[in-house]
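Below: one structure, written as structure tokens.
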Amino acid sequence: MTKGTQNNSNKQENASSQLKKPVDGVEVTRPSQVTSDGYEIKIKDHLETYWFEWFKGWSITNLENGEVLLSSSKIDQSALHGALNKISNLNLTLLSVTRVSEKK
């Protein structure tokens, strides 16, 4: 019975050591190359200021061409999907979603 336990622990050690090995062709991110992801969302037609409450945490800019730019420099996928759901629920016209990366 002890022998079987040792085999299982050896298998686990082998599996964990394989996970630590670098994979060919994958670039390792160094601390100086860490990026912060943000998003820019464009929607059609200007928003009045009372709409801004719907998009807390986002910078809102009414552009000269009649579009609205929502931007956030640090946002996770959950918050992004929340904003997109709000846009849909408010029946606003989504024009584009762009991921923006900034080096720290």
### Message
Working to the nearest 0.5 angstrom, can you tell me the gap between K44 NZ and S96 OG?
### Response
13.5 Å

### Message
On a heavy-atom basis, which atom in G57 and which in S72 lie closest, and how many Å separate them?
### Response
O-OG, 3.6 Å

### Rounded distance [0.5 Å steps], NE2 in H81 versus OG in S88
13.0 Å

### Message
Testing the basics here: between E67 and H46, what is the closest heavy-atom pair and its distance to 0.1 Å?
### Response
O-CD2, 3.4 Å

### Query
Do other residues, nucleotides or ligands put more than 12 heavy atoms under 6.0 Å from K42 NZ?
no

### Query
When Ile, Leu, Val, Met, Phe, Trp and Tyr are grouped by side-chain heavy atoms lying under 4.5 Å apart, directly or through other members, which residues fall in the same group as L69?
L63

### I60: hydrophobic cluster co-members (side-chain, 4.5 Å)
Y39, I41, I43, L47, Y50, W51, F52, W54, F55, W58, V68, L70, I75, L80, L84, I87, L90, L92, L94, V97

